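In what follows, a structure is listed as structure tokens, so that the remarks can point back to it.
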Amino acid sequence: MRIAVTGSSGKLGRATVDRLLADGHEVIGFDLAGSPAADPRLRFTTVDFTDYGQTLDSMLGVTARHSGIDALVHLAAIPVNGLVPDATTFHNNVTVSFNVFFAAIRAGITTIVYASSITAMGFPFDEPPASLPLDENVSAANNTYGLGKIVEEAMAGQFVRWNDELSITALRYTNVVTAEEYGSFERAVDPSYRRDLLFSYIDTRDGAAAVALALAAAEPGFEVYNIAASDTGLSIPSAELAEMTFPGTPVTKQLGEFETLMSIDKARDRLGFEPKHLWREGYAALGS
């Protein structure tokens with residue numbers, strides 16, 4: 001397939017490009033950052049997605065890059081609160097996602113996979129979650145970044161009503177880390193470490209694998225999947241961790257020793273998602 005990736009120069013974007021190219025796809029990169037020379041394997045074009053005209057034109061075709069796209073992976077966004085004023089985070093990200101979704105639909109692209117977030121589930125969890133492990137049935141925003149993600153999911157759910165062939169998949173990523181960042185897990189004995197993330201994380205390579213699986217499994221309609229590593233980022237057993245940090249919160253299953261508290265059961269069952277890059281091995285490798 002010919003697949004466009006917005007935000008192709010970002011942390012998850014680079015890993016996704018690597019994965020899709022390895023799978024034999026032709027990849028078109030769209031981003032404000034980056035250049036054609038940065039990765040000769042990638043057909044790259046600079047696009048400002050806050051400009052709907054640029055966005056639509058890039059989806060329809062770019063001379064010397066492509067004449068049509070089979071599927072779209074949308075990762076472009078201001079990635080966290082605090083980089084710009086809060087209202088700017090919301091306005092930018094919601095506008096960009098609307099422009100990208102709407103332009104893709106107008107261009108006849110019927111398969112879209114995009115990055116949603118744990119921030120659409122209640123991050124930073126000052127209010128305890130309703131139950132653990134937390135699944136996709138919960139939507140709650142406590143900052144403008146998370147509010148934007150909830151708005152994007154609502155938009156996607158409506159867009160698929162307009163076209164019976166349209167497939168949009170939202171991947172609710174937790175904190176994305178590279179192998180080089182595993183040194184931060186030296187705090188794994190501290191119960192406050194990653195509490196705001198329900199102690200979760202995801203390696204960029206597994207995050208990219210989730211994109212590939214979602215593209216392969218795409219069916220008409222809108223679906224949301226949690227994407228996290230299968231273990232927590234702590235060395236404290238999960239049942240003990242849940243009781244210690246969220247006392248009184250119902251635990252709906254018998255937890256494995258270090259099982260994630262951000263449920264990935266749906267992604268496992270429907271996508272075949274199984275994380276392969278876990279911090280325990282990666283952290284040990286850094287010290288060897």
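Everything quoted here is computed from the prediction, not taken from an experiment. Values reported hereafter were calculated over all heavy atoms of this structure, with side chains retained and with hydrogens, waters and symmetry mates removed.
Thr245 is listed as a side-chain neighbour of Phe199, based on a closest heavy-atom distance under 4.5 Å. Residues Ile3 and Asp70 fail the side-chain proximity criterion, which asks for heavy atoms closer than 4.5 Å. In this structure, the side chains of Leu134 and Leu261 stay at 4.5 Å or more apart for every pair of heavy atoms. Two residues are said to be in side-chain contact when any heavy atoms from C-beta on lie closer than 4.5 Å; Ile264 and Pro275 meet this criterion. You'll find the side chain of Leu42 reaches within 4.5 Å of the side chain of Ser8, heavy atoms only. With a 4.5 Å cut-off on side-chain heavy atoms, Arg195 and Phe246 count as touching. Leu132 is listed as a side-chain neighbour of Leu198, based on a closest heavy-atom distance under 4.5 Å. Proximity of Ser192 to Arg187: side-chain heavy atoms (C-beta onward) are separated by under 4.5 Å at one or more points.
Using modelled atom types, one side-chain atom of Ser238 and one backbone atom of Glu259 make a donor-acceptor pair closer than 3.5 Å. At least one donor-acceptor pair under 3.5 Å links the side chain of Arg14 to the backbone N or O of Ser9. For the pair Asp51 (side chain) and Gln54 (backbone), a donor-acceptor distance under 3.5 Å is present. Side chain of His25 to backbone of Leu20: no donor-acceptor contact under 3.5 angstrom is found. Looking only at distances, no side-chain donor or acceptor of Arg43 sits under 3.5 Å from a matching main-chain atom of Ile28. In this structure, the side chain of Tyr114 does not engage the main chain of Val73 through any donor-acceptor pair within 3.5 Å. For the pair Lys149 (side chain) and Ala115 (backbone), a donor-acceptor distance under 3.5 Å is present.
Tyr52 and Thr95 form no side-chain donor-acceptor contact under 3.5 Å, judged by distance and modelled atom types alone. There is a side-chain donor-acceptor pair under 3.5 Å between Asp86 and Asn81. Side-chain contact check for Ser139 and Arg172: at least one donor-acceptor pair (N or O, by modelled atom type) lies under 3.5 Å. With 3.5 Å as the limit, one finds a donor-acceptor pair spanning the side chains of Ser97 and Glu152. Checking Glu223 against Thr169 by side-chain atom types alone, no donor-acceptor pair falls below 3.5 Å.
Screening Asp231, Asn175, Thr232 for a side-chain hydrogen bond (donor to acceptor under 3.5 Å, both in side chains) with Tyr201, the sole residue that qualifies is Asp231.
When all heavy atoms of Ile112 and Ala104 are compared, the closest pair comes out as CD1-CB, 4.0 Å.
Using a 4.0 Å cut-off between a side-chain N of Lys or Arg and a carboxylate O of Asp or Glu, Glu181 and Lys11 qualify as a salt bridge. Salt bridge status for Glu26 with Arg2: present, with a side-chain N to carboxylate O gap under 4.0 Å.
The distance between the ring centers of Tyr182 and Trp279 does not fall below 6.0 angstrom. Between Tyr145 and Phe90, the gap from one ring centroid to the other reaches at least 6.0 Å.
Residue Asp269 places its CG atom among more than 12 non-hydrogen atoms of other residues, nucleotides or ligands, all under 6.0 Å distant.
Classified by interplanar angle (parallel below 30°, tilted 30° to 60°, perpendicular above 60°), the ring pair Phe102/Phe98 is parallel.
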